[in-house]
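In listed order, ligands and their atoms are each counted from 1. It should be emphasised that the depicted structure is a prediction, and the values quoted were computed from it without experimental measurement.
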Amino acid sequence: MAKITLNKNNFFNNLDIIAKATKSVDKIAVVLKDNAYGHGLVLMATMAKEYGVKRAVVQTEDEAKEIEDFFDYILALNAIPHAKSDTIRYTINDLNSIVKFPHATKVELKVDTGMHRNGVAMDELEKAFVKIKEQGLILEGVFTHHRSADELSSEWFWQKENFKKVKEKAKILACGFGFGELRFHSSNSASLFRHVEFDEDMARVGIAVYGCMDLPLSISVDGFKPVLSLYANKISSRELQKGEKVGYGGTYTAEENCVVSNYNFGYGDGFLRGSSNNYITPHAKKLVGRISMDNSSFLSDEEEILIFDDAREMAKSAKTISYEVLTSLKPTIKREIV
Ligand SMILES: *Cc1c(COP(=O)(O)O)cnc(C)c1O
(Lines give C-alpha, C1' and ligand atoms only; values in the text may rest on other atoms or scores of the structure.)
Protein backbone atom coordinates (compact mmCIF):
# COMPACT_ATOMS: atom_id res chain seq x y z
CA MET A 1 0.00 0.00 0.00
CA ALA A 2 1.01 3.58 -0.65
CA LYS A 3 1.98 6.22 1.91
CA ILE A 4 0.63 9.71 2.55
CA THR A 5 2.62 12.53 4.11
CA LEU A 6 0.99 15.65 5.53
CA ASN A 7 3.08 18.80 5.51
CA LYS A 8 2.45 20.73 8.71
CA ASN A 9 4.29 23.87 7.57
CA ASN A 10 2.13 24.05 4.46
CA PHE A 11 -1.04 23.54 6.51
CA PHE A 12 -0.06 26.34 8.92
CA ASN A 13 0.90 28.55 5.97
CA ASN A 14 -2.61 28.04 4.54
CA LEU A 15 -4.22 28.80 7.91
CA ASP A 16 -2.15 32.02 8.12
CA ILE A 17 -3.62 33.18 4.80
CA ILE A 18 -7.13 32.24 5.86
CA ALA A 19 -6.81 33.90 9.29
CA LYS A 20 -5.77 37.10 7.56
CA ALA A 21 -8.98 36.99 5.50
CA THR A 22 -11.29 36.14 8.41
CA LYS A 23 -9.34 38.61 10.61
CA SER A 24 -9.42 36.11 13.49
CA VAL A 25 -8.44 32.48 14.01
CA ASP A 26 -11.60 32.15 16.08
CA LYS A 27 -13.70 32.65 12.94
CA ILE A 28 -12.11 29.74 11.11
CA ALA A 29 -14.09 26.50 11.03
CA VAL A 30 -11.96 23.87 9.33
CA VAL A 31 -14.03 21.48 7.24
CA LEU A 32 -12.94 17.96 8.17
CA LYS A 33 -15.72 15.94 6.52
CA ASP A 34 -14.90 12.80 4.54
CA ASN A 35 -11.83 11.91 6.56
CA ALA A 36 -10.61 15.50 6.30
CA TYR A 37 -10.77 15.46 2.48
CA GLY A 38 -8.86 12.17 2.55
CA HIS A 39 -6.02 13.60 4.64
CA GLY A 40 -6.96 11.76 7.85
CA LEU A 41 -9.52 13.11 10.33
CA VAL A 42 -7.63 12.80 13.61
CA LEU A 43 -4.24 13.90 12.24
CA MET A 44 -5.73 17.04 10.71
CA ALA A 45 -7.77 17.76 13.85
CA THR A 46 -4.59 17.42 15.94
CA MET A 47 -2.69 19.91 13.78
CA ALA A 48 -5.64 22.32 13.58
CA LYS A 49 -5.86 22.35 17.36
CA GLU A 50 -2.11 22.93 17.64
CA TYR A 51 -2.50 25.98 15.39
CA GLY A 52 -5.27 27.31 17.61
CA VAL A 53 -8.34 26.55 15.50
CA LYS A 54 -11.38 26.11 17.74
CA ARG A 55 -14.08 25.14 15.26
CA ALA A 56 -14.67 22.30 12.84
CA VAL A 57 -17.30 21.15 10.37
CA VAL A 58 -18.06 17.51 9.58
CA GLN A 59 -20.83 15.58 7.90
CA THR A 60 -21.85 12.91 10.41
CA GLU A 61 -22.21 12.46 14.15
CA ASP A 62 -19.60 9.66 14.11
CA GLU A 63 -17.03 12.04 12.63
CA ALA A 64 -17.95 14.70 15.19
CA LYS A 65 -17.60 12.23 18.09
CA GLU A 66 -14.15 11.20 16.94
CA ILE A 67 -12.81 14.74 17.25
CA GLU A 68 -15.04 16.07 20.03
CA ASP A 69 -12.12 16.71 22.39
CA PHE A 70 -10.18 18.79 19.87
CA PHE A 71 -12.62 21.67 19.37
CA ASP A 72 -15.07 23.95 21.23
CA TYR A 73 -17.56 23.80 18.39
CA ILE A 74 -18.30 21.17 15.77
CA LEU A 75 -21.01 21.63 13.17
CA ALA A 76 -22.44 18.36 11.81
CA LEU A 77 -23.93 19.06 8.39
CA ASN A 78 -26.08 15.95 8.17
CA ALA A 79 -26.85 14.17 11.42
CA ILE A 80 -29.66 13.50 13.85
CA PRO A 81 -28.38 13.34 17.44
CA HIS A 82 -28.07 10.02 19.21
CA ALA A 83 -26.12 11.22 22.21
CA LYS A 84 -26.09 14.50 24.08
CA SER A 85 -23.21 16.82 23.30
CA ASP A 86 -22.35 20.39 24.24
CA THR A 87 -19.82 20.62 21.44
CA ILE A 88 -21.78 19.36 18.46
CA ARG A 89 -24.27 21.57 16.64
CA TYR A 90 -26.72 19.76 14.37
CA THR A 91 -27.95 21.12 11.07
CA ILE A 92 -31.61 21.40 10.20
CA ASN A 93 -31.77 20.80 6.45
CA ASP A 94 -35.54 20.41 6.08
CA LEU A 95 -38.71 21.60 7.85
CA ASN A 96 -40.00 18.06 8.25
CA SER A 97 -36.88 16.84 10.02
CA ILE A 98 -37.28 19.21 12.97
CA VAL A 99 -39.50 16.78 14.92
CA LYS A 100 -36.66 14.22 14.90
CA PHE A 101 -34.33 16.36 17.04
CA PRO A 102 -34.44 15.71 20.81
CA HIS A 103 -35.46 18.55 23.12
CA ALA A 104 -32.62 20.99 23.99
CA THR A 105 -30.40 19.99 21.05
CA LYS A 106 -28.14 22.81 19.84
CA VAL A 107 -29.04 23.36 16.20
CA GLU A 108 -28.25 25.59 13.25
CA LEU A 109 -30.76 26.23 10.52
CA LYS A 110 -29.65 25.90 6.93
CA VAL A 111 -31.46 28.18 4.50
CA ASP A 112 -31.66 27.64 0.76
CA THR A 113 -30.66 30.93 -0.87
CA GLY A 114 -30.35 29.52 -4.38
CA MET A 115 -28.45 26.26 -4.45
CA HIS A 116 -31.64 24.19 -4.10
CA ARG A 117 -29.91 21.27 -2.47
CA ASN A 118 -30.38 21.42 1.33
CA GLY A 119 -32.04 23.91 3.63
CA VAL A 120 -35.44 25.44 4.23
CA ALA A 121 -36.78 27.88 1.64
CA MET A 122 -36.39 31.58 2.36
CA ASP A 123 -40.17 31.99 2.74
CA GLU A 124 -40.28 29.09 5.22
CA LEU A 125 -38.05 30.90 7.71
CA GLU A 126 -40.82 31.84 10.14
CA LYS A 127 -42.37 28.36 9.93
CA ALA A 128 -38.98 26.88 10.77
CA PHE A 129 -38.61 29.15 13.81
CA VAL A 130 -42.09 28.12 15.01
CA LYS A 131 -41.26 24.42 14.72
CA ILE A 132 -37.85 24.81 16.33
CA LYS A 133 -39.46 26.61 19.27
CA GLU A 134 -42.23 23.98 19.55
CA GLN A 135 -39.62 21.22 19.56
CA GLY A 136 -37.70 22.99 22.34
CA LEU A 137 -34.43 23.20 20.41
CA ILE A 138 -31.66 25.70 21.02
CA LEU A 139 -31.22 27.64 17.79
CA GLU A 140 -27.69 29.06 17.64
CA GLY A 141 -27.12 29.87 14.01
CA VAL A 142 -28.47 30.36 10.52
CA PHE A 143 -26.37 29.58 7.50
CA THR A 144 -26.37 29.00 3.76
CA HIS A 145 -24.11 27.65 1.03
CA HIS A 146 -23.14 29.24 -2.30
CA ARG A 147 -23.58 27.23 -5.47
CA SER A 148 -21.07 29.14 -7.60
CA ALA A 149 -18.59 30.94 -5.36
CA ASP A 150 -15.72 29.50 -7.41
CA GLU A 151 -16.99 30.87 -10.74
CA LEU A 152 -16.44 34.33 -12.13
CA SER A 153 -20.04 35.48 -12.54
CA SER A 154 -22.75 37.44 -10.75
CA GLU A 155 -24.05 34.29 -9.05
CA TRP A 156 -22.21 34.87 -5.77
CA PHE A 157 -23.57 38.41 -5.48
CA TRP A 158 -27.28 37.66 -5.76
CA GLN A 159 -26.96 34.77 -3.33
CA LYS A 160 -25.18 37.08 -0.91
CA GLU A 161 -28.09 39.53 -1.23
CA ASN A 162 -30.55 36.74 -0.52
CA PHE A 163 -28.65 35.76 2.59
CA LYS A 164 -28.62 39.38 3.72
CA LYS A 165 -32.42 39.36 3.63
CA VAL A 166 -32.44 36.06 5.55
CA LYS A 167 -30.18 37.55 8.21
CA GLU A 168 -32.36 40.61 8.74
CA LYS A 169 -35.48 38.51 9.07
CA ALA A 170 -33.82 35.89 11.27
CA LYS A 171 -32.56 38.53 13.71
CA ILE A 172 -36.08 39.86 14.19
CA LEU A 173 -37.52 36.35 14.55
CA ALA A 174 -34.81 35.34 17.04
CA CYS A 175 -35.80 38.30 19.23
CA GLY A 176 -39.48 37.48 18.98
CA PHE A 177 -38.97 33.79 19.79
CA GLY A 178 -36.53 34.44 22.60
CA PHE A 179 -33.48 32.81 21.05
CA GLY A 180 -30.05 34.25 21.83
CA GLU A 181 -27.91 36.14 19.34
CA LEU A 182 -27.52 34.03 16.21
CA ARG A 183 -24.34 33.04 14.40
CA PHE A 184 -24.46 33.72 10.64
CA HIS A 185 -22.19 32.14 8.05
CA SER A 186 -22.30 31.50 4.33
CA SER A 187 -18.74 31.11 3.12
CA ASN A 188 -16.77 28.10 1.96
CA SER A 189 -13.16 28.62 0.80
CA ALA A 190 -13.91 30.33 -2.50
CA SER A 191 -16.62 32.52 -1.01
CA LEU A 192 -14.40 33.74 1.83
CA PHE A 193 -12.04 35.29 -0.70
CA ARG A 194 -14.84 36.94 -2.69
CA HIS A 195 -15.57 39.24 0.26
CA VAL A 196 -13.74 42.55 0.07
CA GLU A 197 -14.20 42.84 3.84
CA PHE A 198 -15.24 39.59 5.47
CA ASP A 199 -17.86 40.46 8.08
CA GLU A 200 -19.56 37.17 8.94
CA ASP A 201 -19.27 35.28 12.23
CA MET A 202 -17.46 32.27 10.78
CA ALA A 203 -16.14 30.78 7.53
CA ARG A 204 -16.36 27.07 6.74
CA VAL A 205 -13.05 26.48 5.01
CA GLY A 206 -12.28 23.16 3.33
CA ILE A 207 -10.25 22.97 0.15
CA ALA A 208 -8.18 26.09 0.95
CA VAL A 209 -6.80 24.67 4.21
CA TYR A 210 -5.60 21.67 2.20
CA GLY A 211 -3.95 24.03 -0.30
CA CYS A 212 -5.84 22.85 -3.38
CA MET A 213 -8.25 25.68 -4.14
CA ASP A 214 -8.71 26.15 -7.88
CA LEU A 215 -10.16 29.49 -8.94
CA PRO A 216 -10.30 31.46 -12.19
CA LEU A 217 -7.18 33.63 -12.48
CA SER A 218 -8.89 36.96 -11.83
CA ILE A 219 -10.26 35.82 -8.45
CA SER A 220 -7.44 33.46 -7.52
CA VAL A 221 -5.53 33.73 -4.23
CA ASP A 222 -1.75 33.34 -4.06
CA GLY A 223 0.33 31.51 -1.51
CA PHE A 224 -1.57 28.33 -0.70
CA LYS A 225 0.49 25.14 -0.59
CA PRO A 226 -0.85 21.59 -0.91
CA VAL A 227 -0.64 19.64 2.35
CA LEU A 228 -0.86 16.07 1.07
CA SER A 229 1.70 14.07 -0.90
CA LEU A 230 1.24 10.47 -1.95
CA TYR A 231 4.10 8.00 -2.40
CA ALA A 232 4.09 4.43 -3.69
CA ASN A 233 6.63 1.63 -3.43
CA LYS A 234 7.92 -0.66 -6.12
CA ILE A 235 6.61 -4.22 -6.17
CA SER A 236 8.53 -5.40 -9.24
CA SER A 237 10.48 -4.22 -12.30
CA ARG A 238 11.05 -5.56 -15.80
CA GLU A 239 12.70 -4.57 -19.07
CA LEU A 240 10.29 -4.13 -21.93
CA GLN A 241 11.29 -4.53 -25.55
CA LYS A 242 10.01 -2.01 -28.06
CA GLY A 243 6.48 -3.10 -29.09
CA GLU A 244 5.64 -5.01 -25.89
CA LYS A 245 2.44 -4.03 -24.09
CA VAL A 246 1.70 -3.29 -20.44
CA GLY A 247 -1.16 -4.28 -18.11
CA TYR A 248 -4.80 -5.32 -18.58
CA GLY A 249 -5.88 -5.03 -22.20
CA GLY A 250 -2.32 -4.15 -23.22
CA THR A 251 -3.29 -0.54 -23.69
CA TYR A 252 0.28 0.82 -23.60
CA THR A 253 2.87 -0.19 -26.14
CA ALA A 254 6.56 0.45 -25.41
CA GLU A 255 7.86 2.97 -27.95
CA GLU A 256 11.43 1.82 -27.29
CA ASN A 257 13.23 -0.61 -24.98
CA CYS A 258 12.57 0.62 -21.44
CA VAL A 259 12.25 -0.31 -17.76
CA VAL A 260 8.75 -0.43 -16.35
CA SER A 261 8.01 -0.95 -12.66
CA ASN A 262 4.85 -1.76 -10.83
CA TYR A 263 3.92 0.30 -7.74
CA ASN A 264 1.56 -0.45 -4.87
CA PHE A 265 -1.11 2.16 -5.54
CA GLY A 266 -4.19 1.13 -7.51
CA TYR A 267 -7.87 2.00 -7.78
CA GLY A 268 -8.55 -0.10 -4.67
CA ASP A 269 -6.47 2.46 -2.76
CA GLY A 270 -8.14 5.42 -4.42
CA PHE A 271 -6.15 5.95 -7.63
CA LEU A 272 -8.80 7.15 -10.09
CA ARG A 273 -8.78 4.74 -12.99
CA GLY A 274 -9.60 7.53 -15.43
CA SER A 275 -5.95 8.61 -15.17
CA SER A 276 -4.78 5.39 -16.87
CA ASN A 277 -2.21 6.10 -19.61
CA ASN A 278 -2.66 9.80 -18.96
CA TYR A 279 -0.47 11.04 -16.13
CA ILE A 280 3.12 12.08 -15.50
CA THR A 281 4.39 12.43 -11.91
CA PRO A 282 6.08 15.61 -10.60
CA HIS A 283 9.42 13.86 -11.23
CA ALA A 284 8.47 13.05 -14.82
CA LYS A 285 7.61 9.36 -14.39
CA LYS A 286 5.04 8.36 -16.97
CA LEU A 287 2.04 6.25 -15.96
CA VAL A 288 1.67 3.47 -18.52
CA GLY A 289 -1.17 1.01 -19.11
CA ARG A 290 -4.35 0.65 -17.12
CA ILE A 291 -4.41 1.30 -13.39
CA SER A 292 -5.39 -1.97 -11.71
CA MET A 293 -6.81 -2.69 -8.25
CA ASP A 294 -3.58 -2.70 -6.23
CA ASN A 295 -0.99 -1.79 -8.87
CA SER A 296 -0.03 0.87 -11.34
CA SER A 297 2.90 0.86 -13.77
CA PHE A 298 5.33 3.70 -14.37
CA LEU A 299 8.37 4.15 -16.60
CA SER A 300 10.72 4.15 -13.61
CA ASP A 301 12.98 1.82 -11.69
CA GLU A 302 13.05 3.76 -8.42
CA GLU A 303 12.10 2.01 -5.17
CA GLU A 304 9.72 4.77 -4.12
CA ILE A 305 8.03 7.36 -6.31
CA LEU A 306 6.08 10.48 -5.54
CA ILE A 307 2.74 9.93 -7.28
CA PHE A 308 1.46 13.45 -6.60
CA ASP A 309 2.02 16.43 -4.34
CA ASP A 310 -0.74 18.56 -5.83
CA ALA A 311 -4.13 16.89 -6.19
CA ARG A 312 -5.13 19.49 -8.77
CA GLU A 313 -2.61 18.08 -11.29
CA MET A 314 -3.80 14.54 -10.60
CA ALA A 315 -7.40 15.75 -11.04
CA LYS A 316 -6.72 17.14 -14.51
CA SER A 317 -5.52 13.76 -15.72
CA ALA A 318 -8.67 12.03 -14.41
CA LYS A 319 -10.92 14.84 -15.71
CA THR A 320 -12.26 15.57 -12.26
CA ILE A 321 -11.70 17.95 -9.32
CA SER A 322 -9.11 17.80 -6.53
CA TYR A 323 -11.91 17.11 -4.01
CA GLU A 324 -12.60 13.74 -5.66
CA VAL A 325 -8.91 12.80 -5.98
CA LEU A 326 -8.40 13.50 -2.26
CA THR A 327 -11.58 11.97 -0.83
CA SER A 328 -10.98 8.80 -2.86
CA LEU A 329 -7.83 8.03 -0.85
CA LYS A 330 -8.67 5.09 1.39
CA PRO A 331 -8.43 5.57 5.19
CA THR A 332 -6.25 2.43 5.38
CA ILE A 333 -3.31 4.14 3.63
CA LYS A 334 -0.58 5.00 6.16
CA ARG A 335 -0.42 8.70 6.94
CA GLU A 336 2.25 10.68 8.72
CA ILE A 337 2.89 14.31 9.55
CA VAL A 338 6.18 15.71 8.26
C1 LIG B 1 -17.93 20.96 2.01
C2 LIG B 1 -18.57 22.20 2.48
C3 LIG B 1 -17.80 23.36 2.73
C4 LIG B 1 -16.34 23.48 2.37
O5 LIG B 1 -16.21 23.78 1.00
P6 LIG B 1 -14.75 24.10 0.36
O7 LIG B 1 -15.06 24.48 -1.04
O8 LIG B 1 -13.99 22.84 0.44
O9 LIG B 1 -14.16 25.18 1.17
C10 LIG B 1 -18.45 24.44 3.32
N11 LIG B 1 -19.76 24.40 3.61
C12 LIG B 1 -20.53 23.33 3.36
C13 LIG B 1 -21.98 23.36 3.69
C14 LIG B 1 -19.96 22.19 2.77
O15 LIG B 1 -20.73 21.14 2.49
Side-chain angles (χ1 to χ4, degrees), residues 11 14-15 17-19 21-22 27-39 41 44-45 48 53 55-61 63-64 67 71 73-79 88-94 97 107-120 140-152 155-156 159-160 162-163 166 183-195 198 200-216 219-221 223-228 310-312 315 320-329:
F11 181 47
N14 300 340
L15 286 170
I17 298 170
I18 292 158
T22 58
K27 286 191 176 185
I28 303 176
V30 289
V31 181
L32 300 176
K33 65 191 179 191
D34 292 88
N35 198 28
Y37 288 43
H39 290 59
L41 177 59
M44 292 307 292
V53 173
R55 297 166 184 256
V57 180
V58 293
Q59 191 67 210
T60 67
E61 188 175 51
E63 289 172 327
I67 54 168
F71 300 99
Y73 163 106
I74 301 172
L75 176 64
L77 292 169
N78 178 26
I88 307 172
R89 276 70 169 183
Y90 294 84
T91 300
I92 292 170
N93 284 302
D94 189 288
S97 72
V107 295
E108 296 206 14
L109 177 65
K110 191 165 191 182
V111 181
D112 176 11
T113 54
M115 188 168 184
H116 304 328
R117 187 179 64 170
N118 289 317
V120 303
E140 284 194 355
V142 170
F143 75 101
T144 195
H145 196 43
H146 282 273
R147 73 178 187 193
S148 303
D150 56 350
E151 285 168 17
L152 187 59
E155 295 260 332
W156 181 80
Q159 251 193 291
K160 184 168 181 269
N162 280 349
F163 191 53
V166 169
R183 178 186 307 117
F184 293 102
H185 48 104
S186 70
S187 283
N188 67 345
S189 301
S191 172
L192 169 62
F193 293 97
R194 301 290 296 267
H195 288 267
F198 181 74
E200 298 195 295
D201 299 316
M202 185 179 106
R204 309 180 305 267
V205 198
I207 200 71
V209 304
Y210 306 105
C212 292
M213 190 162 67
D214 222 349
L215 294 178
I219 54 169
S220 72
V221 187
F224 286 110
K225 296 174 183 169
V227 171
L228 183 146
D310 186 340
R312 287 168 294 192
T320 184
I321 53 176
S322 58
Y323 297 74
E324 191 186 13
V325 169
L326 292 168
T327 57
S328 297
L329 299 171

Quiz prompt | Identity and distance of the protein heavy atom lying nearest atom 9 (O) of ligand 1 | solution = S189 OG, 2.5 Å

Practice problem: Of the side chain and backbone of L77, name the one, both, or neither that has a heavy atom under 4.0 Å from an atom of ligand 1. | Solution: side chain

Quiz item: Of the protein's non-hydrogen atoms, which lies at the shortest distance from atom 4 (C) of ligand 1, and what is that distance?
Solution: Y37 OH, 3.3 Å

Quiz prompt | Exercise: identify the closest heavy-atom pair between M44 and A36 | solution = CG-CB, 3.6 Å

Exercise. Output the list of atoms in ligand 1 that are nearer than 4.0 Å to some heavy atom of V31, sorted by atom number.
Key: 4 (C)

Quiz item: Which residues satisfy the side-chain hydrogen bond (donor to acceptor under 3.5 Å, both in side chains) test with S148, sequence neighbours excluded?
Solution: E155

Quiz item: Does an N or O anywhere in K110 fall below 3.5 Å from an N or O of ligand 1?
Solution: no

Quiz prompt | R204, H195, H146 screened by side chain to side chain donor-acceptor pair (under 3.5 Å) with S187, the one that passes | solution = H195

Practice problem: May I ask you to list the atoms of ligand 1 that are less than 4.0 angstrom from any heavy atom of Y323? | Solution: 6 (P), 7 (O), 8 (O)

Self-check item: Nitrogen or oxygen of A190 less than 3.5 angstrom from that of ligand 1
Solution: no

Self-check item: Where ligand 1 meets I207 - atom numbers and elements under 4.0 angstrom, heavy-atom basis
Solution: 6 (P), 7 (O), 8 (O), 9 (O)

Quiz prompt | Heavy-atom closest contact (S191 atom, W156 atom, distance) | solution = OG-NE1, 2.9 Å

Practice problem: For residues N14 and Y210, report the shortest heavy-atom separation together with the two atoms involved. | Solution: ND2-C, 3.8 Å

Practice problem: For atom 11 (N) of ligand 1, find the nearest protein heavy atom and state the residue, atom name and distance (0.1 Å precision). | Solution: R204 NE, 2.9 Å

Quiz item: For F143, is at least one N or O under 3.5 Å away from an N or O on ligand 1?
Solution: no

Quiz item: Taking the six-membered ring for Trp, are F193 and F224 parallel (under 30°), tilted (30 to 60°) or perpendicular (over 60°)?
Solution: perpendicular

Quiz item: Looking only at heavy atoms of Y210, does any of them come nearer than 4.0 Å to an atom of ligand 1?
Solution: no

Quiz prompt | Close side-chain approach of H39 to L326, heavy-atom, < 4.5 Å | solution = yes

Practice problem: Identify, by atom number and element, the atoms of ligand 1 in contact range of H145, meaning under 4.0 Å from any of its heavy atoms. | Solution: 10 (C), 11 (N), 12 (C), 13 (C), 14 (C)

Quiz prompt | F163: ring-ring contact (aromatic ring centres under 6.0 Å, His included) partners, not counting sequence neighbours | solution = none

Exercise. Pick whichever of M115, K33, M213 has a heavy atom sitting closest to atom 14 (C) of ligand 1.
Key: K33

Exercise. Go through the steps for L15 and V209 under the test side-chain contact (heavy atoms from CB on, under 4.5 Å), then give the verdict.
Key: CA-CA 6 Å; L15 286 170; V209 304; 4.0 Å; yes

